[in-house]
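Below, read A as the first sequence line, B as the second, and so on, with proteins coming before strands; counting in each chain starts at 1.
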There are 2 protein chains.
Amino acid sequence: MFHEVIPGKIYQQINKQIQDLILSEVLKKGDKLPPERQLAEAFNVSRASIRESIRSLEIMGLIESRPGEGNFISNFERPTIFEPLTIMFKINNGTFRDILEIRMILEVEAAGLAAERITDDHLKKLNDLMQALENSDDEAESVEIDKKIHYLIAEATGNYLIIVMLDAISSLMTSFIANARLIIAKNISEQGRLIRIHKDVVKALGQKNPRLAQDAMRRHFYSVYESIEGEDI
Amino acid sequence: MFHEVIPGKIYQQINKQIQDLILSEVLKKGDKLPPERQLAEAFNVSRASIRESIRSLEIMGLIESRPGEGNFISNFERPTIFEPLTIMFKINNGTFRDILEIRMILEVEAAGLAAERITDDHLKKLNDLMQALENSDDEAESVEIDKKIHYLIAEATGNYLIIVMLDAISSLMTSFIANARLIIAKNISEQGRLIRIHKDVVKALGQKNPRLAQDAMRRHFYSVYESIEGEDI
DNA sequence: GTGGTCTTATGGTCTGACCATTAATGCTAA
DNA sequence: TTAGCATTAATGGTCAGACCATAAGACCAC
């Protein structure tokens with residue numbers, strides 16, 4: 001009977017169309033979009049509208065703009081979706097405890113799932129990283145390796161959501177720490193203990209024993225809790 | 001000695017400044033931004049750049065544009081951050097199992113935390129919703145109430161990240177179901193069983209017993225798993 | 001009061017221009 | 001020949017100014 005009204009702003013309609021093209025895989029990772037001027041002509045709108053659309057798709061992490069080259073479909077490697085999460089989190093009075101809490105929840109469960117599903121390839125990479133961690137005497141380097149280990153475990157679950165969410169929490173934590181000037185003390189003995197616990201986790205993963213992996217990961221977090229106990233957060 | 005080079009595109013600089021104003025609470029929820037033309041003058045840039053900035057802040061869920069009125073700082077009630085997650089999820093071949101898996105992880109743990117921290121106010125609301133669920137004979141209505149119950153439990157944890165992530169998963173699930181035309185069968189007997197299990201959860205929360213709450217919630221999800229077993233997902 | 005109508009402020013869109021960066025092209029000199 | 005440089009064309013980034021569409025408030029007629 002009645003026609004559906006044309007919804008919302010132009011940039012939203014363009015967004016939808018481009019998103020649909022991505023979903024239907026007409027546009028794939030790395031593909032180059034037509035030049036903005038051409039898009040404007042195709043959609044019969046102004047270049048300004050096209051640009052507002054592209055800008056928002058860029059924020060969503062779907063598109064990448066390279067001056068002088070063009071606009072490209074992103075590689076979707078690590079979602080940049082969560083940048084805004086930091087702001088939201090702070091506005092809503094999120095605490096460091098909140099971060100640790102959910103991190104522990106997810107990582108413990110992730111360890112369990114990873115133990116069931118981890119591949120030999122992943123296992124090998126993990127062992128390599130453990131080796132690197134033991135040999136590292138540089139604090140910054142150790143932190144980086146530590147991050148990679150946790151990311152690998154998340155990846156081994158094969159669950160995209162777990163990967164994404166842990167990634168988001170990781171960035172959140174980094175920005176939080178940077179802002180609060182919080183430094184988790186890592187003296188030699190603690191460093192040694194951390195390595196030992198990490199080893200336990202990796203060992204349990206190697207044995208494909210979920211229960212052990214969970215327990216080891218849980219111990220890891222208790223250890224972290226202790227090391228920041230009393231800190232002003 | 002040297003001045004820091006001005007980084008990146010104009011809209012990014014504007015974004016940063018506005019974000020900082022929000023973080024430092026110079027701009028608060030619901031506040032009205034100066035008109036675009038005025039902003040353009042203040043920043044000494046074109047209105048187009050201002051608009052690209054506002055567009056991206058809108059996507060981040062920080063700003064709301066109302067034609068004829070102005071641009072307003074959002075209320076940050078429920079983050080719209082995760083809309084892009086749906087697309088990313090599908091592109092990365094996310095499965096329904098992934099969704100259920102992480103949902104179970106988070107909700108079981110959330111139930112445990114909620115049991116420790118739930119307030120009388122929340123408890124009352126929960127009981128009201130349970131009452132409504134029992135009295136409801138409309139499928140759509142039941143689903144809505146069910147969602148609210150789970151959201152309330154998440155809220156009772158007091159952990160912003162848990163709330164946000166479960167919210168995101170909830171939307172993801174909705175869109176997934178809508179697209180896959182999947183309908184979780186809910187015949188009369190199952191409906192009854194679901195209510196019974198929900199009751200167990202709420203009861204455990206009332207007793208502030210984390211262990212019981214977790215177990216009940218876990219049973220809830222096993223129940224869901226069973227009811228979709230064999231479905232083509 | 002109630003309901004229109006006008007005015008005004010504001011976001012939404014368009015046009016056309018120019019700048020800045022990049023990649024490709026082709027020329028030049030070793 | 002080839003390494004290096006200058007030129008050119010394509011493309012995103014920015015700007016200026018205009019007009020449209022919407023919402024709110026003021027004003028008026030009934």
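- Annotation: ring pair (Phe, Tyr, Trp, His ring centres under 6.0 Å) contacts of B:His122 (sequence neighbours excluded): none.
- In this structure, the side chain to side chain contact (heavy atoms under 4.5 Å, CB included) partners of A:Glu109, at least two apart in sequence or on a different chain, are A:Gln214, B:Ile105, B:Glu109.
- Atom CG of B:Leu39 and atom C1' of D:dA16 are 17 Å apart (whole Å).
- An OP1 or OP2 oxygen of C:dG12 is reached within less than 4.0 angstrom by no side-chain nitrogen or oxygen of A:Ser49.
- Remark: A:Asn159 pairs with B:Glu101 by the side-chain hydrogen bond (donor to acceptor under 3.5 Å, both in side chains) rule, at least two apart or across chains.
- Per the geometry, NZ belonging to A:Lys9 stands 14 Å off P belonging to C:dC14, to the nearest Å.
- If you measure from atom CD of B:Gln12 to atom C1' of D:dG12, you get 13 Å, rounded to the nearest angstrom.
- Put simply, OH on B:Tyr11 is 15 Å from P on D:dC15, counting in whole angstrom units.
- One finds a side-chain N or O of B:Asn71 lying less than 4.0 angstrom from the OP1 or OP2 phosphate oxygen of C:dG11.
- Checked against side chain to side chain contact (heavy atoms under 4.5 Å, CB included), B:Asp121 has the following partners two or more places apart in sequence or in another chain: B:Thr119, B:Lys125.
- Residues satisfying the side chain to side chain contact (heavy atoms under 4.5 Å, CB included) test with B:Glu134, not counting sequence neighbours, are B:Ile195, B:Lys199.
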Would you be so kind as to tabulate the donor-acceptor pairs closer than 3.5 Å made by side chains of residues 19-26 of chain B, with sequence neighbours excluded?
residue: B:Asp20; atom: OD1; partner: B:Lys16; partner atom: NZ; Å: 3.4
residue: B:Asp20; atom: OD2; partner: B:Lys16; partner atom: NZ; Å: 2.8
residue: B:Ser24; atom: OG; partner: B:Asp20; partner atom: O; Å: 2.8
residue: B:Ser24; atom: OG; partner: B:Leu21; partner atom: O; Å: 3.3

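- The CZ-C1' distance, from A:Phe43 to C:dC14, rounds to 17 Å in whole Å.
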Where protein sits on nucleotides 15-24 of chain C, one letter per nucleotide: B base, S sugar-phosphate only, - none, heavy atoms under 4.0 Å: B-BB--BBS-

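- Listed by chain and residue number, nothing satisfies the side chain to side chain contact (heavy atoms under 4.5 Å, CB included) test with A:Pro67 (two or more places apart in sequence, or in another chain).
- Whole-Å rounding puts the A:Glu52 CD to D:dG13 C1' distance at 14 Å.
- Between A:Tyr160 and B:Phe89, the ring planes are tilted. Angles from 30° to 60° get that label.
- Considering only heavy atoms from C-beta on, A:Ile163 comes within 4.5 Å of A:Tyr151 through its side chain.
- In this structure, CD1 of B:Ile50 is placed 17 Å from P of C:dT13, rounded to the nearest angstrom.
- Put simply, CZ on A:Arg51 is 15 Å from P on C:dC14, counting in whole angstrom units.
- Near-neighbour residues of DNA chain D inside residues 26-36 of chain B, defined by a heavy atom below 4.0 Å, are absent.
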